[in-house]
Amino acid sequence: MYKTVSVCRACGLGSGGPPTLKESAAAGPPQSSAKLQKVFSLGLQPLANDFCTGQEEQAGFAPLEVMLCPNCSNAQLSVVVNPQILYSKYRYVTSTSQTMREHFDRILSMLPLASRSMKFLEIGSNDGLFLKFLKDHGHQIYGVDPAANLCEKARKAGLDVCCDFWGEQVGREVACWRPDFIIARHVFCHVENWAGFIKGLEAVAEPETLICIEVPYVQDLLKKGEFDTIYHEHTSYFSVKAMAHLLAASSLRLHRIDSLTIHGGALMVQLRHRDSVCPPDKSVSATLNSEECGAEAWREFDFKCHAKIGALQSFVDQARTNGKTVVGYGASAKSTVWINACRFTRKQISFITDTTAEKLYRFSPGTDIPIVDEGALTRDLPDYAICFAWNYLPEILEKEKIFLSKGGKFIVPHPDIKVVP
Ligand code: JHZ
């Protein structure tokens, strides 16, 4: 089901021989005796999106441990779960929320669009929500995604997609389409073979192709203690330092970096071909110089997150002892991490509400907690709902006015656990 990874996928440290990738002059070559260091662990955990019915068998458990590269500060998991198991039937569907619509508008506003219809290639197009948004804005689109069920959905919506994992071969196949923009939203953190991913981009990128990689940022993870975004799908925790190492051996370079608020804090990392006439933006060096994602930052994070896990366990235990009811709101991947880290079962959390048809009437991975429709919140009127979709909190508070007006409260897990209102 999974394999152990001991080589840094950004700089090659741990490969035992000469590094396969060229190192940047700044950090120097990896020491052949140096090893990746364990900086965070939640022990054995289920797969975050393995929502099964009572009849289906779960895929199993795998260690959830973050390893830090002392050479380039890349953080990656100690294991990689077979991607076929993770993605061939994928239950995460891009949210159609207001937050996401606003985010799509922001992405478009960041791009140097010409007046003509532009060509977009989206890597990890999921069910095609972003492709549809682009098409509705008059652009030409093509998507690539490994999940057969989601490609089928996209095709039914009239979108042109190819069902595959992105890499060098697919890159060669789609190169003749010559996109102006390549967009990969929250995909790079899922990729095991970084070198192959970059080779795929190189196969398509012409001197003025703009590549936009939206990726959760390790700095947000560390600062806000968002440990629930650590799960097997996320093979790495992105830093610009690690990306600079990876790109050193390629024909691509960092071009511009913008911060995004989506999913708890992310970056939009723009890449260009080294032959591009556009000079790199000063945001690249500014971000590189301000990054603090070494061993000390991970030590503080580890301490803070285990304290948060203990705090939520105590809060829920106390509430249950006082006869209060507690449910979950949003069967996000993050909910799986929290629930299993806290060892919650149906005794503590009666159910989790969710709007995604693909998750309904299944169980939260690793537990007996059922996923039910969002109407259950106002039907059952529990005392507390733990907001596991905390990244959408403002719109959830707006939407759940009835629950709140009847005395219901949300427990919000980040940056520190708090009860709202
Ligand atoms: P949401 C996913 O993480 C998985 P998740 C993935 N690995 C990834 O990288 C990130 O996204 C980017 C529901 N919901 O979007 C919908 C409500 O029920 O935070 C979702 O199931 N009511 C690809 O799974 C879940 O909550 C609502 O009002 O952590 C939110 O999941 C809203 C707004 C959402 O991603």
Side-chain angles (χ1 to χ4, degrees), residues 46-51 64 77 81 83 86-87 89-104 107 122-127 129-130 145-147 150 184-191 213-218 220-221 226-238 260-268 327-340 351-362 364-365 370-378 385-404 410 412-414:
L47 308 184
N49 277 305
D50 192 18
F51 295 92
L64 195 54
L77 292 188
V81 173
L86 289 175
Y87 304 114
K89 198 155 195 292
Y90 198 42
R91 303 205 178 277
Y92 169 73
V93 180
T94 313
S95 175
T96 47
S97 64
Q98 179 60 24
T99 310
M100 199 52 88
R101 275 190 293 274
E102 285 165 13
H103 176 59
F104 287 176
I107 295 178
E122 188 183 15
I123 301 171
S125 47
N126 197 268
D127 67 343
L129 192 71
F130 187 60
D145 196 280
L150 299 179
R185 300 192 38 255
H186 275 73
V187 171
F188 194 66
C189 53
H190 293 240
V191 174
I213 299 186
E214 178 192 298
V215 64
Y217 191 26
V218 73
D220 290 288
L221 164 77
E226 295 168 351
F227 74 89
D228 50 352
T229 59
I230 296 178
Y231 44 88
H232 301 103
E233 286 173 27
H234 292 170
T235 56
S236 316
Y237 302 90
F238 185 91
L260 300 168
T261 54
I262 198 78
H263 291 301
L267 292 181
M268 179 60 89
V327 303
Y329 191 95
S332 56
K334 302 178 283 284
S335 73
T336 305
V337 182
W338 266 112
I339 284 169
N340 287 279
F351 57 78
I352 306 176
T353 66
D354 201 279
T355 47
T356 317
E358 281 81 352
K359 295 179 186 173
L360 284 188
Y361 313 116
R362 295 172 175 269
S364 173
I371 314 301
V372 301
D373 68 283
E374 63 176 345
L377 195 72
T378 37
I386 307 175
C387 188
F388 292 124
W390 47 261
N391 39 325
Y392 297 105
L393 185 66
E395 71 173 280
I396 289 172
L397 292 177
E398 192 58 33
K399 191 163 84 176
E400 299 302 348
K401 281 193 174 136
I402 298 179
F403 169 66
L404 294 168
F410 280 106
V412 181
H414 297 306

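Every number for a ligand or one of its atoms is a count from 1 in the order of the listing. Note that the coordinates shown come from a computational prediction; the quantities given were computed from them, not determined experimentally.
Residue-ligand proximity, Lys399 to ligand 1, at heavy-atom distances under 4.0 Å covers atoms 22 (N), 27 (C), 28 (O). Listed by number with element, the atoms of ligand 1 under 4.0 angstrom from any heavy atom of Tyr329 are 22 (N), 28 (O). Each of the following atoms of ligand 1 lies closer than 4.0 Å to a heavy atom of Tyr90: 4 (C), 6 (C), 7 (N), 23 (C). Residue His234 has at least one heavy-atom neighbour below 4.0 Å for each of these atoms of ligand 1: 7 (N), 8 (C), 9 (O). Short contacts between ligand 1 and Lys334, defined as distances under 4.0 Å to a heavy atom of the residue, involve ligand atoms 1 (P), 5 (P), 19 (O), 29 (O), 35 (O). For ligand 1 and His263, the ligand atoms under 4.0 Å from any heavy atom of the residue are 11 (O), 12 (C), 15 (O). Near Lys359, the atoms of ligand 1 lying under 4.0 angstrom from a non-hydrogen atom of the residue are 20 (C), 21 (O). Below 4.0 Å from some heavy atom of His186 lie the following atoms of ligand 1, by number and element: 12 (C).
Looking only at heavy atoms of the protein, atom 17 (C) of ligand 1 is closest to Thr355 OG1, 3.4 Å.
A side chain to side chain contact (heavy atoms under 4.5 Å, CB included) with Tyr392 is found for one member of Ser332, Ser97, Cys387 and no other, namely Ser97. In summary, of the residues considered (Val93, Ile352, Asp354), a side chain to side chain contact (heavy atoms under 4.5 Å, CB included) with Lys359 occurs for Asp354 alone.
The shell of residues lying under 4.0 angstrom from ligand 1, judged by heavy atoms, includes Tyr231.
Below 3.5 Å of separation, one finds an N or O of Asn391 facing an N or O of ligand 1. Checked against a 3.5 angstrom limit, the closest N/O atoms of Glu374 and ligand 1 fall outside it. The N/O atoms of Glu395, backbone and side chain alike, include none that comes under 3.5 Å of an N/O atom in ligand 1.
Looking at Leu393, Val215, Asp354, it is Asp354 that brings a heavy atom closest to atom 13 (C) of ligand 1. Nearest to atom 5 (P) of ligand 1 by heavy-atom distance, out of Ala266, Cys189, Ala333, is Ala333.
A perpendicular orientation is assigned to the rings of Phe410 and Phe403, their planes being inclined by more than 60° (bins at 30° and 60°).
Using a 4.0 Å cut-off between heavy atoms, Phe388 makes no contact with ligand 1 at all. Counting heavy atoms under 4.0 Å from ligand 1, residue Ile396 touches it through the side chain alone.
Using a 4.5 Å cut-off on side-chain heavy atoms (C-beta onward), Pro216 and Thr229 make no contact.
Glu214 has a carboxylate O that lies under 4.0 Å from a charged side-chain N of Arg185, or vice versa, which qualifies the two as a salt bridge.
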